[in-house]
Chemist: 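Input: one structure, supplied below.
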Amino acid sequence: MRYLTLALFSLFTLFCIIVAVANRTAVSFSLYPLPFQWDLPLFALLFIGIFIGLGAGFGVVLLKSIKQARLTRQQNKKIRDLEQQVKNLTPAEKPETLPEA
């Protein structure tokens, strides 16, 4: 598994280098209504977009996992309370059995 991870990371790094070398052309990036404008290489804009997408995905997963952890804690507490109630119950009296004929 370690070698597979290293191989995939190497391929990803090689892909990023190829994209960066092939897209060195400067492009103008502006936020139209605002007076900001930057001249950046195209690969920088591509990588910034990828990292923004990864960050947004990470944030969504983080929020979902926090919600799931809270729900799990609530359910575990309810289970503990119910188990305690079952332990505190007094055993019911055994009904008298009729002698067998």
Side-chain angles (χ1 to χ4, degrees):
M1 187 66 181
R2 182 177 171 186
Y3 293 114
L4 179 65
T5 303
L6 182 63
L8 289 174
F9 180 74
S10 298
L11 285 174
F12 177 73
T13 303
L14 182 64
F15 174 76
C16 288
I17 291 170
I18 291 171
V19 167
V21 169
N23 294 295
R24 293 179 302 195
T25 307
V27 292
S28 179
F29 177 76
S30 66
L31 301 171
Y32 172 64
L34 302 174
F36 302 114
Q37 182 173 357
W38 298 279
D39 291 328
L40 299 169
L42 181 59
F43 73 87
L45 288 176
L46 292 173
F47 291 157
I48 289 169
I50 289 170
F51 287 125
I52 288 173
L54 287 173
F58 175 75
V60 168
V61 169
L62 185 66
L63 290 175
K64 291 249 182 207
S65 65
I66 289 171
K67 181 179 178 182
Q68 184 64 38
R70 186 180 71 234
L71 181 63
T72 301
R73 279 194 308 274
Q74 289 172 348
Q75 290 175 344
N76 285 339
K77 183 180 182 302
K78 189 169 188 172
I79 289 170
R80 281 193 307 270
D81 292 344
L82 291 172
E83 286 175 344
Q84 189 62 39
Q85 287 179 7
V86 169
K87 286 180 184 177
N88 292 338
L89 288 176
T90 57
E93 294 181 23
K94 292 184 181 180
E96 291 183 25
T97 58
L98 297 173
E100 293 183 27

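Start at 1 with the first residue, then count along the sequence.
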Chemist: Between atom CG of Asn76 and atom NZ of Lys78, what is the distance when rounded to the nearest 0.5 Å?
Modeler: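 Result: 12.5 Å between the selected atoms.
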Chemist: Tell me, please, which residues at least two apart from Ser28 pass side-chain contact (heavy atoms from CB on, under 4.5 Å).
Modeler: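 Scan of Ser28 (side-chain contact (heavy atoms from CB on, under 4.5 Å), adjacent residues dropped) gives Gln37, Asp39.
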Chemist: With sequence neighbours excluded, tell me which residues meet side-chain hydrogen bond (donor to acceptor under 3.5 Å, both in side chains) with Thr13.
Modeler: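 Listed in chain order: nothing, the list is empty.
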Chemist: Could you work out, with side-chain contact (heavy atoms from CB on, under 4.5 Å) as the rule, every residue matching Phe36, not counting sequence neighbours?
Modeler: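 By the side-chain contact (heavy atoms from CB on, under 4.5 Å) rule, Phe36 matches Leu34, Trp38.
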Chemist: Under 4.5 Å side-chain heavy-atom separation, chaining through any Ile, Leu, Val, Met, Phe, Trp or Tyr, what else clusters with Phe12? Say none if it is isolated.
Modeler: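 None; Phe12 is a cluster of one.
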Chemist: Listed by chain and number, what are the side-chain contact (heavy atoms from CB on, under 4.5 Å) partners of Lys77, not counting sequence neighbours?
Modeler: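 Applying side-chain contact (heavy atoms from CB on, under 4.5 Å) to Lys77 gives Arg80, Asp81.
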Chemist: Walk me through whether Gln85 and Leu82 qualify under side-chain contact (heavy atoms from CB on, under 4.5 Å).
Modeler: CA-CA 5 Å; Gln85 287 179 7; Leu82 291 172; 3.8 Å; yes
Chemist: Would a hydrophobic clustering, with Ile, Leu, Val, Met, Phe, Trp and Tyr connected at side-chain separations under 4.5 Å, put Phe51 with Phe15?
Modeler: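 Same cluster.
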Chemist: Quick one: CD1 on Ile50 to CG on Leu45, what's the gap to the nearest 0.5 Å?
Modeler: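 Rounded to the nearest 0.5 Å, the CD1-CG separation comes to 11.0 Å.
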Chemist: According to salt bridge (charged side-chain N to carboxylate O under 4.0 Å, His left out), does anything in residues 64-76 pair up with another residue at least two apart or in another chain? List the pairs.
Modeler: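 Residue pairs passing salt bridge (charged side-chain N to carboxylate O under 4.0 Å, His left out), neighbours aside: none found.
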Chemist: Between atom CG of Leu40 and atom CZ of Phe47, what is the distance when rounded to the nearest 0.5 Å?
Modeler: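 The distance works out to 13.0 Å.
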Chemist: Holding to side-chain hydrogen bond (donor to acceptor under 3.5 Å, both in side chains), I want the full list of residues that pass it with Glu83, two or more places apart in sequence or in another chain.
Modeler: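 Applying side-chain hydrogen bond (donor to acceptor under 3.5 Å, both in side chains) to Glu83 gives none.
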Chemist: Can you list everything that forms a side-chain contact (heavy atoms from CB on, under 4.5 Å) with Leu71? Sequence neighbours excluded, please.
Modeler: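 Per chain and number, Leu71 pairs via side-chain contact (heavy atoms from CB on, under 4.5 Å) with Gln68, Gln74, Gln75.
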Chemist: When hydrophobic residues are tied together by side-chain contacts of less than 4.5 Å, even through go-betweens, does Val27 share a cluster with Phe29?
Modeler: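 Yes, one cluster joins them.
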Chemist: Which other residues end up in the same hydrophobic cluster as Met1, if Ile, Leu, Val, Met, Phe, Trp and Tyr are linked when side-chain heavy atoms come under 4.5 Å apart?
Modeler: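 Result for Met1 is Leu4, Leu8.
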Chemist: Apply the hydrophobic cluster definition, ILVMFWY joined by side-chain contacts under 4.5 Å directly or through others, and give me every member besides Ile48.
Modeler: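 Traced through the cluster, Ile48 reaches Ile52.
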Chemist: Test question: given the 4.5 Å side-chain rule for I, L, V, M, F, W and Y, name all other residues clustered with Leu62, or answer none.
Modeler: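 Phe58, Ile66, all in the cluster of Leu62.
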